[in-house]
There are 2 protein chains.
Amino acid sequence: MPKLGMEPLRRRQLIEATIEAIHDRGMNGVTMGDIARRADVSPALAHHYFGSKDELLNATLRHLLAEFALEIRHRLRGTPAPRDRIKAVIDGSFGAEQFRPAVISAWLAFYMQSLHDAAAARLLSIYLKRLETNLRHDLKALMPAQEAATAARGIAAMIDGLWLRAALPTLHSSPEAAIALVDDYLAGVIARHGR
Amino acid sequence: MPKLGMEPLRRRQLIEATIEAIHDRGMNGVTMGDIARRADVSPALAHHYFGSKDELLNATLRHLLAEFALEIRHRLRGTPAPRDRIKAVIDGSFGAEQFRPAVISAWLAFYMQSLHDAAAARLLSIYLKRLETNLRHDLKALMPAQEAATAARGIAAMIDGLWLRAALPTLHSSPEAAIALVDDYLAGVIARHGR
DNA sequence: TAGCTTTAATTGACTGATCAATCAATAACC
DNA sequence: GGTTATTGATTGATCAGTCAATTAAAGCTA
């Protein structure tokens, strides 16, 4: 069996399995056995590649951040118009990958973790601040700085709220509806404060 | 020690202790020992009054819902003007009790639980829908039904998002700032669609 | 190219710790 | 004497982490 170069593949598999496992066991309820079963390997292998459960969970959180940042960056590249850039951030936030139930669960677990884990809190708040900064920067091209700052916070909060509600299966919300709501908010802000 | 009538007191103590314990151990990471220590009783007593860890956690979730519903109902009582009623819902959502870090943590844990626990999901979505219905009903007095429905979803989402962000200590957001943001959104919607 | 060595990949079996749940015992009240 | 409150001790299960053993590929040598 031992083909060489398995490490990157296994790491990816195990991280993906961790996301799925968190989805239906919760951040702390998840066991190395759960994860390993989903990745079709032995629990020992997870320890072999990640050293400990904590490191595997951390790697998973960092993976979420990286994927999201990549998605946004990809959409922003080659998009110079402020209004389009704002739209790109909104669309990216509700992109297919971010809307997967298991991914939303993992993000929620990440928030939960941040409440009592300083390292996770630092990572998460960096991402949140960068998102807001991006929005504020482009909004400033459309309206006075004061209003831009307020609108950035409002849009960021609304995105998080819609995404939180999307996590609940019983509310069956669609990405399209979420995008429409934020777009509407943005249009209103521009109508009132835009120049 | 055994004075009679300890049961209601102990139940309250244990539920409060559970909220605190969830705050710094996470929903699944919390142990009966953690909870009991915080309530200054033995783990066995928690089992005596709640039967199992699951039942204690369920009781805690139901406590959160009940407290929140009570707070909103209290603020709505004797408030007939639609605009004031909407404000009451917003203010209630960011009231002192709901802004306690431990309470926000417990709410987050509740959301997390809802992802893989149908009973919790049912409870939570009932509360979310009722909140939105309340908002929509009063908004309809101020604008056409279509716009009222959209605004209700937007306000509800923004409240959840702001509250989610308030959970992060590093973002140090205040209830006043959150209220101001939602008020601003509401004012904009009324300015555009109000009659 | 046939053998020999090294190294990566992988696992089953084991260990020690933790924890939910049980229960019998004790203590104070009526 | 009966009831409520409370606990310490115990048990059985679960789980993270370790380790020695196994497999197979890759590299080396003559």
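Below, chain A is the first sequence line, B the second, and so on; all start at residue 1. Quick caveat, the model's predicted, so the values are computed rather than measured.
With sequence neighbours excluded, the residues satisfying side chain to side chain contact (heavy atoms under 4.5 Å, CB included) with A/Glu147 are A/Met143, A/Pro144, A/His193. For the salt bridge (Lys or Arg N to Asp or Glu O under 4.0 Å) test, residues two or more places apart in sequence or in another chain that qualify with A/Asp184 are B/Arg192.
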Filtered N/O pairs between nucleotides 9-11 of chain D and protein, under 3.5 Å:
none

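Taking 4.0 angstrom as the limit, A/Tyr49 places a side-chain polar atom (N or O) nearer than this to OP1 or OP2 of C/dA9.
Counting to the nearest Å, the C1' atom of C/dT10 and the CD atom of A/Glu7 are 13 Å from each other. Atom P of nucleotide C/dT10 and atom NE2 of A/His47 are separated by 16 Å, given to the nearest angstrom. Here the P atom of nucleotide C/dA21 and the CD1 atom of B/Ile35 are 11 Å apart, to the nearest Å. We find that CG of B/Leu45 is positioned 9 Å from P of D/dA5, with the value rounded to whole Å. Summarising the geometry, the separation between NE2 on A/His48 and P on D/dA16 is reported as 19 Å, rounded to the nearest angstrom. Across the protein-nucleic acid pair, B/Arg11 atom CZ and D/dT4 atom P stand 15 Å apart, rounded to whole Å. Here the P atom of nucleotide D/dT14 and the NZ atom of B/Lys53 are 14 Å apart, to the nearest Å. Counting to the nearest Å, the P atom of C/dA9 and the CZ atom of A/Arg10 are 10 Å from each other.
Taken residue by residue, residues 14-32 of chain A places heavy atoms nearer than 4.0 Å to DNA chain D at A/Val30, A/Thr31, A/Met32.
Between B/Trp163 and B/Tyr111, the two ring planes are tilted [angle within 30° to 60°].
Listed for the B/Lys53 side chain is a donor-acceptor partner under 3.5 Å among the backbone atoms of B/Val30.
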Just distance, no hydrogens or angles: give the donor-acceptor pairs under 3.5 Å from side chains in residues 74-84 of chain A, sequence neighbours left out.
from    : atom 1 : to      : atom 2 : distance (Å)
A/Arg75 : NE     : A/Glu71 : OE2    : 3.0
A/Arg75 : NH2    : A/Glu71 : OE2    : 3.0
A/Thr79 : OG1    : A/Arg75 : O      : 3.0

Taking distance alone, no hydrogens or angles, what donor-acceptor pairs closer than 3.5 Å link side-chain atoms of residues 59-67 of chain B to residues at least two apart or in another chain?
from    : atom 1 : to      : atom 2 : distance (Å)
B/Thr60 : OG1    : B/Leu56 : O      : 2.8

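Taking CD1 of A/Ile15 as the reference point, atom CZ of A/Arg10 lies at 14.0 Å (rounded to 0.5 Å). Here the straight-line distance linking atom CG of B/Leu135 with atom CD1 of B/Ile159 works out to 6.0 Å at 0.5 Å rounding.
A salt bridge links B/Asp34 with B/Arg37: at least one charged nitrogen is closer than 4.0 Å to a carboxylate oxygen.
Along DNA chain D, the nucleotide nearest to B/Val41 and the one nearest to A/Asp54 differ in position, and the one closer to the 5' end is contacted by B/Val41.
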